[in-house]
Amino acid sequence: MIEILFQALLVTPFLWILFLGLLFFTKLPVPERYLSEGVKYFSFFMALVGLALWAATFAEAPRFLLLDYEDWITVGEYRFKTRFIVDLLGATYAFLTCALIGIIFKFSRNYLHREEGYFRFVFLLSILLFGLIIVSFARSLDLLFAGWELVGTTSVLLISYFYTQNQPVRHALKAIVTYRICDMGLLAASAWAHHFLHSTDFYLIPALVREQHHGAQLGVRFIGIFIVWASLAKAGQLPMSSWLPTAMEGPTPSSAIFYGALSVHLGPFLLLRFYDFLSQFPGLLVLIGAIGFASAAYASLVGRTRSDAKTMLAYATITQVGIIYLEIALGFTSFALFHMVAHASFRTYQFLRSSSLIQDFFENPTVEQDVRIDRPSPFGKYLTAEAKERLFIHALHGFHLDYFTGLLIRAVSAPANLYIRWEKYSMEVDRKFLKRILGRGRL
Amino acid sequence: MTLPGAFVDVLPLGVTFGSAIFSNFYSRENRRQSYAIGLLGGLFVYFTYIFFTRDFNTSLAVHSFFDIRYNKISVFVAALFCGSLFLGLYPSRRTVTLSESFLFYIAGGLGIILSNNLPTFFLFWLFQRCLPAVTIVRDAVTNSTYGGATYLKQHLMALTCFVLLLYFASLRGLLVTPMTEMPVTFFTWPVLLLAFIIIYQSHGLFPFHSWVHDMVGSFAWYETASVFLSRAGVLLFVQFLLPTLKTDPSSFKILILSLSILSSVYWSFRGLSEETPVRATTYFYVAQSSLLLTGLQADAVAVKGSYLHMMVISISGAGLFSILDYIKHSFGLERASRHLGLAQYYPKLSTLFCLFGFCMIGVPLGASFVVEDLVITGILDYQPLLGLGHIFATCLNGILFFLIYSRLFLGKNPFKDVVVNKDMPLGQMLPYLIGLVLLILIGILPYLFLEKLTW
């Protein structure tokens with residue numbers, strides 16, 4: 001039963017994407033009404049199957065289902081195994097995905113009505129759904145990476161949804177640079193797991209480390225570091241935080257689903273998937289906790305200096321995800337999962353309401369009574385006025401995170417730039433030499 | 001002199017050379033254009049057919065000095081060579097005017113691919129590389145433009161190395177020996193060094209890569225592509241160096257492995273700092289093809305990944321250049337703006353461009369996701385730290401592609417004209433779609449294709 005539900009959850013979005021792709025290239029005119037009707041049935045079916053799967057795995061928990069399908073790639077002794085794990089963690093995330101994407105589809109029906117890119121929006125969100133289902137149930141790092149990349153790619157394309165303006169495109173570029181830098185971590189973790197443990201199976205890795213005393217090896221520790229590194233970009237944790245608030249350029253429904261709900265929680269999800277492995281290295285847990293704490297403090301301070309709703313929500317999201325990191329580091333994994341689900345649901349609601357915030361504000365009876373909404377900091381009383389002012393200025397500048405990142409990028413690319421200058425000079429010398437030999441009047 | 005029963009095998013080369021010469025006397029452009037594209041399509045069908053049906057024992061040694069052989073790798077590369085050029089040229093056949101020398105480029109490329117010993121390879125290599133050199137010298141003399149100086153310098157260096165290599169081979173009596181049958185004892189340090197320079201120079205790899213800048217600026221994309229698609233460096237590596245690589249000093253292997261990764265990183269950086277879309281796309285393409293050699297040097301898994309990679313970048317690259325060329329001719333790319341916002345004019349072509357790029361940079365459901373998995377696994381098994389270098393290079397390539405895409409197709413429209421749809425009709429873009437479907441099929445069902453890539 002569980003396997004059939006899982007297969008339905010995996011195959012349906014894939015077929016749906018193929019169908020949409022075919023519609024796009026064959027130029028078949030699909031009126032918006034029919035498309036949104038189709039989307040409605042599709043998302044309802046997905047949410048229903050997701051719920052059924054979640055209920056079934058909840059009833060079976062803590063037992064879980066391991067599924068082995070045919071190898072995807074076979075070359076010599078190398079096998080890319082198509083393996084899935086259907087457990088409560090994956091089923092919860094998958095159900096959350098199906099339910100929230102269903103809500104977003106419903107919301108977009110009105111929000112993006114007669115919008116030119118509605119079809120594109122539906123198509124990209126469907127790919128996101130497929131990617132997230134893969135991530136939820138993947139049992140190996142290779143397979144997880146496939147879903148992870150799909151999520152990243154759709155995220156970038158949706159940030160540049162309003163592609164006729166320059167600003168969203170620039171921010172999409174910033175997002176892809178951050179994603180790619182951290183995706184290197186996931187790719188490196190997968191490759192190093194192949195190399196040192198000869199397996200990328202989440203289910204086997206902790207046992208391999210425990211039984212074969214691989215834990216003593218530096219390479220195995222690096223797998224953990226790479227995983228933590230990979231989780232940072234999507235979760236918007238330090239030092240990869242600055243892209244998230246700028247990613248709000250896409251349509252509000254996509255901001256809600258990516259940066260309020262699903263994509264941003266993939267970082268904690270990855271850590272939860274690997275918790276059995278990570279927990280064997282206390283140093284890594286300290287690192288996760290420190291990153292979470294620092295990110296929460298940073299985003300909380302910077303968020304207070306922002307004046308637009310979506311940016312404030314973005315910083316609030318980073319703060320909450322930071323706290324989830326801290327919970328994972330402290331070993332409260334079930335609580336972290338609960339926190340993730342609750343936060344994703346609530347934040348989606350907030351993002352979706354942010355478009356009508358002004359209307360909500362004026363409809364609020366407290367406005368008539370001239371009651372100011374003031375949020376004094378609990379630590380404010382310990383700081384002098386001058387220190388507060390300095391803190392405010394630094395927070396307003398995002399603690400110069402972009403400046404330091406720019407410095408780092410310049411330092412990394414300095415040798416390449418130097419070489420490029422030398423090469424241009426050398427080519428100029430060649431040209432002068434050729435001119436001397438073949439110049440007019442010489443032949 | 002031996003003439004095998006399958007004399008028909010010499011026909012592709014003969015017909016291409018014959019028609020190249022003939023077309024220069026009988027030069028009606030439309031007819032030459034249709035003929036060249038038709039010839040490429042026919043050759044593609046022919047090589048694909050024999051790739052799947054032949055037992056690959058055919059050899060056409062017209063003379064011991066001139067040796068042409070059909071083995072599986074050469075037929076594979078030949079099919080890719082013709083197929084990719086056909087895919088790129090067919091959709092834009094009405095907007096592009098092929099140069100008189102293009103058929104010679106094809107003939108030279110085919111000769112390089114099918115040659116079996118060093119003198120034959122040298123002959124065709126020299127012939128193909130002389131074609132741009134002639135244009136460069138002519139331009140310098142008549143127009144006082146000296147843009148190809150570095151091309152001439154670096155090819156002169158490679159030519160000297162090749163002559164020295166032939167001299168070393170003749171000293172040992174191995175001049176006409178098939179490349180794959182060279183004895184291990186031949187590969188002394190000087191020979192390895194000479195081979196390294198020729199291979200890296202032919203493939204446009206660091207530190208002998210600067211000639212690529214000259215090619216990009218001055219020649220049509222299909223001419224540059226035919227130089228790259230003949231894969232002279234890769235073939236020389238696979239047929240000449242690879243059989244003995246296991247016995248080569250490991251320091252040499254690590255040197256060439258790390259240089260090809262460095263080369264990819266360099267081209268990516270170069271592309272990131274480049275404003276011109278055509279140049280940036282070429283740098284992206286060369287950065288990708290630099291990674292071909294890294295896989296070939298690692299282990300059996302990575303080698304298979306590299307062959308698949310060759311297929312992916314040939315098809316995708318031709319698609320990218322062809323789309324760019326079509327836009328350049330139908331609209332123009334020379335505008336003073338960082339973003340061109342062309343997706344408004346070409347919604348479907350921009351999608352195709354994006355998908356071809358995604359198929360190259362390792363996005364799942366595209367063929368290069370499989371490639372990356374195989375190559376990185378293979379390299380890591382051989383040298384973990386270089387594997388990380390490869391991952392870094394792949395990451396940079398991805399960023400570069402999105403930068404190119406965003407500059408070309410996204411952003412505010414800087415043109416004052418009314419936005420109209422200028423896409424190709426569906427029938428015209430059919431070769432792109434077929435190529436794309438193939439790349440996605442490889443990405444979804446890789447085992448169907450990987451089984452065939454065994455030799």
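Chain A is the first sequence line, chain B the second, and so forth, proteins listed ahead of strands; every chain is numbered from 1. What you see below is based on every heavy atom in this structure, not just the backbone, and it leaves out hydrogens, waters and symmetry mates.
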Which one of [options] has the most heavy-atom pairs closer than 4.5 Å to chain A?
options: B:Gly305, B:Ser406, B:Ser210; answer: B:Ser210
options: B:Leu445, B:Ile444, B:Leu272; answer: B:Ile444
options: B:Gly387, B:Cys395, B:Ala343; answer: B:Cys395
options: B:Asp214, B:Val363, B:Asp373; answer: B:Asp373

Please find the pair of heavy atoms, one from [X] and one from [Y], that lie closest to each other, and give the distance.
X: A:Ser426; Y: B:Lys153; answer: OG-NZ, 4.2 Å
X: A:Ala191; Y: B:Ile391; answer: CB-CD1, 4.5 Å
X: B:Tyr447; Y: A:Asp71; answer: CD2-O, 4.5 Å

For residues 349-356 of chain B, which side-chain donor-acceptor pairs fall under 3.5 Å, sequence neighbours excluded?
from, atom 1, to, atom 2, distance (Å)
B:Ser350, OG, B:Tyr346, O, 3.2
B:Ser350, OG, B:Pro347, O, 2.8
B:Thr351, OG1, B:Pro347, O, 2.7

Could I get the full list of side-chain hydrogen bond (donor to acceptor under 3.5 Å, both in side chains) partners for A:Arg180, not counting sequence neighbours?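 side-chain hydrogen bond (donor to acceptor under 3.5 Å, both in side chains) list for A:Arg180, sorted by chain: A:Glu149.
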Contacts with chain B made by residues 183-190 of chain A (heavy-atom distance under 4.5 Å), listed by residue number: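 The residues closer than 4.5 Å to chain B, in numerical order, are A:Met184, A:Leu187, A:Ala188.
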Using a heavy-atom distance cut-off of less than 4.5 Å, which residues of residues 134-148 of chain A contact chain B?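 Residues in range: A:Asp142, A:Phe145, A:Ala146.
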State whether the number of non-hydrogen atoms from other residues, nucleotides or ligands found under 6.0 Å of A:Tyr69 atom OH is greater than 12. yes
Take atom CZ of A:Phe162 as the centre, draw a 6.0 Å sphere, and report whether it contains more than 12 heavy atoms from other residues, nucleotides or ligands.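 Yes, enclosed.
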With rounding to the nearest 0.5 Å, note down the distance linking [atom1] in [X] to [atom2] in [Y].
X: A:Leu173; Y: B:Phe402; atom1: CG; atom2: CZ; answer: 6.5 Å
X: A:Leu157; Y: B:Tyr405; atom1: CG; atom2: OH; answer: 7.0 Å
X: A:Asp430; Y: B:Leu152; atom1: CG; atom2: CG; answer: 9.5 Å

Residue among A:Asn417, A:Ile181, A:Ile176, A:Val429 with most heavy-atom pairs under 4.5 Å to chain B: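 Ranked by heavy-atom pairs under 4.5 Å with chain B, first place is A:Ile176.
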In this structure, is the centre-to-centre distance between the rings of A:Tyr419 and B:Phe206 below 6.0 Å? yes
Can a donor-acceptor pair be found, under 3.5 Å and without considering hydrogens, that links the side chain of A:Asn166 to the backbone of B:Lys412? yes
Considering only heavy atoms, which portion of B:Thr150 lies under 4.5 Å from any heavy atom of chain A: side chain, backbone, both, or neither?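 Backbone plus side chain of B:Thr150, per the 4.5 Å heavy-atom cut-off to chain A.
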Do B:Tyr266 and A:Glu423 have side-chain heavy atoms sitting under 4.5 Å apart?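 They are in contact (side-chain heavy atoms under 4.5 Å apart), so the answer is yes.
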Does the side chain of B:Leu388 reach to within under 4.5 Å of the side chain of A:Trp192, using non-hydrogen atoms? yes
